[in-house]
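Here's the structure we're looking at; comments come further down.
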Amino acid sequence: IFGAGKIDAADIEKIEEALVLSDISYKTAEELIESVKKRLAKNKDLTADIIKQALKDEVGDKISVKFPEIKDGNDKNIFIIVGVNGVGKTTTVGKLGKYYADRGKKVIIAACDTFRAAGKEQIEVWGQRTGIEVVSGKENQDPASVAHDAVQKFKEKDYNILLIDTAGRLHNKKHLMEELAKIKRVISKSYGSEPDEIFIVIDAGLGQNSLVQVEQFKEIVNITGVIVTKLDGSAKGGIIIDIISRMNLPVRFIGTGESPEDISEFSPEIFKDNLL
Amino acid sequence: GLSSKLEKVFKNLKGYGKLSEKNIEDSLKEVRLSLLEADVNYLIVKEFIESVKNKAVGEKVADSLTPAQQIIKIIRDELVELLGNNEPLNIKAKPPVIIMLIGLQGSGKTTTAGKLALYLHRMKRSVYLVPADVYRPAAILQLKKIGASINIPVYETPEENGKILQKPDEIVNSAIEIAEKHAYDTIIIDTAGRLEIDEPLMDELKLLKNKFNPNEILFVADSMLGQSAVTVAKTFNEALDISGVILTKVDGDARGGAALSIKKTVAKPIKFIGVGEKLSDFEVFYGDRIADRILG
Ligand SMILES: Nc1nc2c(ncn2[C@@H]2O[C@H](COP(=O)(O)OP(=O)(O)OP(=O)(O)O)[C@@H](O)[C@H]2O)c(=O)[nH]1
Ligand SMILES: Nc1nc2c(ncn2[C@@H]2O[C@H](COP(=O)(O)OP(=O)(O)OP(=O)(O)O)[C@@H](O)[C@H]2O)c(=O)[nH]1
Ligand SMILES: [Mg+2]
Ligand SMILES: [Mg+2]
């Protein structure tokens with residue numbers, strides 16, 4: 001793509017196109033291009049490979065932020081899983097159950113989506129298939145009360161990890177965000193402290209609105225980490241660069257399919273190699 | 001928003017008259033940025049800007065408009081024209097009319113099946129819902145509960161000990177037999193979400209199309225989709241020759257540029273939009289409303 005020698009305007013446009021097409025925000029794409037230009041200013045002979053590697057290095061700089069370890073190592077840990085509709089929360093809770101059970105943790109799941117048709121049955125099936133206990137209430141029961149019951153059971157028995165599945169909700173629905181804040185308050189009250197992790201699930205196929213989602217959910221329930229799903233699709237997940245560098249939040253896990261084992265810890269190395 | 005940004009671009013313009021190439025170049029930089037922020041596909045933005053530039057050069061500014069307003073009008077008119085308006089559902093065929101919903105995971109197909117059923121029921125049609133998603137846990141139950149909430153009959157996919165006993169084509173086959181027996185005039189098939197790059201699952205859809213010849217194959221797409229909306233829509237359309245698009249979650253605050261990306265790519269009508277989680281949150285698509293959102 002790139003002619004030998006300097007990077008010209010046509011090359012810049014090709015780089016910008018590749019970056020934007022991967023769902024990196026325009027602003028971040030421009031920053032990456034400026035940094036690459038500075039980095040390669042002294043290079044006499046520029047090849048496509050040199051430019052590509054410089055880009056990868058700049059992306060690497062943006063996403064290799066040091067974050068504290070995930071809070072899953074204590075005797076008791078509570079995770080709440082939140083996000084907009086259809087991004088993969090319930091599936092992710094199912095996968096996380098198996099992920100931690102495989103690592104010797106005693107896991108229990110709370111089915112706090114009491115709103116959507118078959119919301120609780122969906123996670124109950126996951127629990128059955130992976131051998132994980134699920135606490136669910138009645139149809140249309142107040143999700144905060146299901147959460148309360150789950151925390152009680154979690155405290156009484158020797159479970160290590162409580163995973164809480166919540167209903168999908170758009171961040172611009174004030175009453176739904178208030179409901180989520182209430183669920184968190186009830187959990188914190190029953191638990192005696194803040195939940196250990198509140199993960200927002202982001203669908204890799206969605207665009208720039210994902211950043212607004214992270215921002216808005218963070219404002220209401222203090223998001224501590226991000227899980228990006230559907231990276232097995234054709235979307236590249238460039239939004240991850242923005243989430244880490246602009247929201248200063250760690251991407252903890254990625255979802256790569258619909259089976260229980262399709263979850264892995266986020267690796268900045270693997271991500272930047274696959275991005276370009 | 002974009003109007004105030006464009007007013008800034010033109011504030012040093014001396015008097016009115018014609019739009020010069022330089023004024024247009026400067027203003028189009030802002031428009032391009034705005035469309036990219038709205039998630040319109042990079043390559044589609046490029047084409048759009050070119051076509052707006054050609055329409056704008058040498059245009060005389062209308063007496064009642066500022067140059068910025070003139071540019072906005074050209075852009076908005078172009079967007080509205082590209083997005084088109086809804087076209088009616090193809091339900092004039094001999095009953096039972098078959099409508100099949102397809103799309104990526106989580107886009108809103110199952111919910112939309114219920115919405116479409118309620119919409120057609122209110123038009124005095126007798127609808128039969130068919131759950132053909134045999135993969136997702138509790139997918140069949142989800143559609144059953146949706147049907148029950150609006151009093152619409154749902155095909156009873158045979159299950160035993162949590163195992164589904166029919167494949168999707170067998171489900172549809174049995175459902176059509178029952179529909180004919182009970183004189184249901186409209187069948188809505190809910191299919192499993194799938195990646196457009198999943199060949200076996202795309203073959204499954206092709207099989208359903210070839211066997212049952214649906215009168216409508218509607219691509220259900222999340223209005224928040226990003227840059228990959230083009231490749232996703234293109235692939236589904238090339239595989240199945242879709243008859244239309246339904247955009248969901250339009251009640252969110254995403255700018256919805258995917259609507260333009262999809263429409264430009266498949267050149268098929270966007271027929272409806274989903275505007276909430278209730279089954280009544282369903283509207284016919286009008287391009288001008290979405291155009292204003294995309295412009296921001
Ligand atoms: N290909 C793929 N599909 C996924 C992934 N994660 C979830 N899905 C699918 O996405 C769809 C939606 O998943 P859910 O877990 O129901 O999403 P949700 O966020 O709980 O949805 P709501 O509760 O309705 O808001 C399902 O078909 C899942 O199988 C992933 O990593 N890859
Ligand atoms: N706010 C809002 N939510 C919607 C809309 N349409 C669907 N949803 C929600 O989006 C989520 C996913 O909807 P589903 O109908 O399960 O999606 P699906 O395409 O059938 O998912 P898969 O079968 O897993 O591919 C649910 O939480 C729905 O309530 C809409 O127009 N607005
Ligand atoms: Mg869910
Ligand atoms: Mg479904």
Side-chain angles (χ1 to χ4, degrees), chain A residues 13 16-27 29 84-91 94 115-129 139 167-173 176 203-210 212-213 216 229-230 232-239 257-258, chain B residues 32-33 36-43 45-46 104-111 114 135-149 162 192-198 222-232 235 248-249 251-258 261 276-277 279:
Chain A
E13 180 163 328
E16 182 187 84
E17 177 181 313
L19 294 176
V20 171
L21 284 177
S22 70
D23 283 312
I24 296 176
S25 72
Y26 185 78
K27 194 160 172 222
V84 304
N85 307 73
V87 294
K89 298 176 294 302
T90 303
T91 304
F115 170 75
R116 207 208 66 213
K120 74 182 177 72
E121 287 86 349
Q122 184 184 0
I123 191 63
E124 283 170 348
V125 173
W126 270 93
Q128 288 157 17
R129 291 185 187 174
E139 193 107 15
R169 69 201 68 226
L170 292 180
H171 49 283
N172 58 328
K173 306 278 168 95
L176 294 180
D203 179 336
L206 304 187
Q208 298 302 305
N209 192 257
S210 289
V212 182
Q213 293 168 22
Q216 297 280 312
T229 60
K230 307 182 197 172
D232 48 319
S234 43
K236 296 273 189 157
I239 203 83
E258 303 185 75
Chain B
R32 182 168 171 268
L33 188 51
L36 288 175
E37 286 170 351
D39 288 319
V40 180
N41 183 277
Y42 187 93
L43 297 168
V45 170
K46 201 167 172 188
L104 293 174
Q105 289 90 341
S107 61
K109 297 173 294 301
T110 305
T111 309
Y135 309 101
R136 171 171 154 158
I140 293 175
L141 181 66
Q142 183 184 3
L143 192 63
K144 278 209 184 107
K145 286 185 182 271
I146 284 173
S149 72
R194 68 205 64 217
L195 299 176
E196 84 285 7
I197 53 176
D198 185 327
D222 193 320
S223 60
M224 302 184 271
L225 287 178
Q227 297 288 311
S228 64
V230 164
T231 182
V232 172
T235 306
T248 62
K249 308 175 203 171
D251 48 317
D253 60 8
R255 297 264 296 277
S261 301
E277 294 195 73
L279 299 180

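Order of the sequence lines fixes the chain letters, A, B, ..., with proteins taken first and strands second; residue numbering starts at 1 for each chain. Just so you know, these numbers come straight off a predicted model, no measurement behind them.
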Within this structure, what is the [atom1]-[atom2] distance for the pair [X] and [Y], rounded to the nearest 0.5 Å?
X	Y	atom1	atom2	result
B/Glu37	A/Gln208	CD	CD	8.0 Å
A/Arg116	B/Glu277	CZ	CD	8.5 Å
B/Leu195	A/Asp232	CG	CG	5.0 Å
B/Leu225	A/Asp203	CG	CG	7.5 Å

Is any side-chain heavy atom of [X] closer than 4.5 Å to a side-chain heavy atom of [Y]?
X	Y	value
B/Arg136	A/Thr90	no
A/Gln213	B/Met224	yes
A/Glu124	B/Pro137	no

Worksheet entry | Partner chain B: residue of A/Gly238, A/Gly233, A/Gly168 with the largest heavy-atom pair count (under 4.5 Å) | A/Gly233
Discussion item. Just so I understand: if I count every heavy-atom pair under 4.5 Å between each of A/Lys27, A/Gln128, A/Arg129, A/Glu139 and chain B, which residue has the most?
Written reply: A/Glu139
Counting only non-hydrogen atoms closer than 4.5 Å, does [X] touch chain B with its backbone (N, CA, C, O), its side chain (CB onward), both, or neither?
X	value
A/Glu16	both
A/Lys173	side chain
A/Leu170	side chain
A/Val212	side chain
A/Glu258	side chain
A/Val84	side chain

Please check this pair: side chain of [X] against backbone of [Y], looking for a donor-acceptor N/O pair closer than 3.5 Å.
X	Y	answer
A/Asp23	B/Gly226	no
B/Asp251	A/Asn172	no
A/Lys236	B/Ser228	no

Worksheet item: What are the two closest heavy atoms between B/Thr231 and A/Ser234, and how far apart are they?
Response: CG2-OG, 3.8 Å
Worksheet item: So which heavy atom on A/Ala117 is nearest to which on B/Ile146, and how close?
Response: CB-CG1, 4.1 Å
Worksheet entry | Of B/Asp39, B/Asp222, B/Asp253, the residue whose pairing with A/Asn209 passes side chain to side chain donor-acceptor pair (under 3.5 Å) | B/Asp253
Worksheet entry | Lys/Arg-Asp/Glu bridge criterion (N-O < 4.0 Å) met for A/Glu13, B/Arg32 | no
Worksheet item: Is A/Glu121 paired with B/Lys145 through a side-chain N to carboxylate O contact shorter than 4.0 Å?
Response: yes
Select one option (side chain, backbone, both, neither) describing which atoms of [X] are under 4.5 Å from chain A's heavy atoms.
X	value
B/Leu143	neither
B/Ile197	side chain
B/Lys46	side chain
B/Glu196	side chain

Worksheet entry | Residues B/Asn41, A/Leu21; criterion side chain to side chain contact (heavy atoms under 4.5 Å, CB included); working and verdict | CA-CA 7 Å; B/Asn41 183 277; A/Leu21 284 177; 3.6 Å; yes
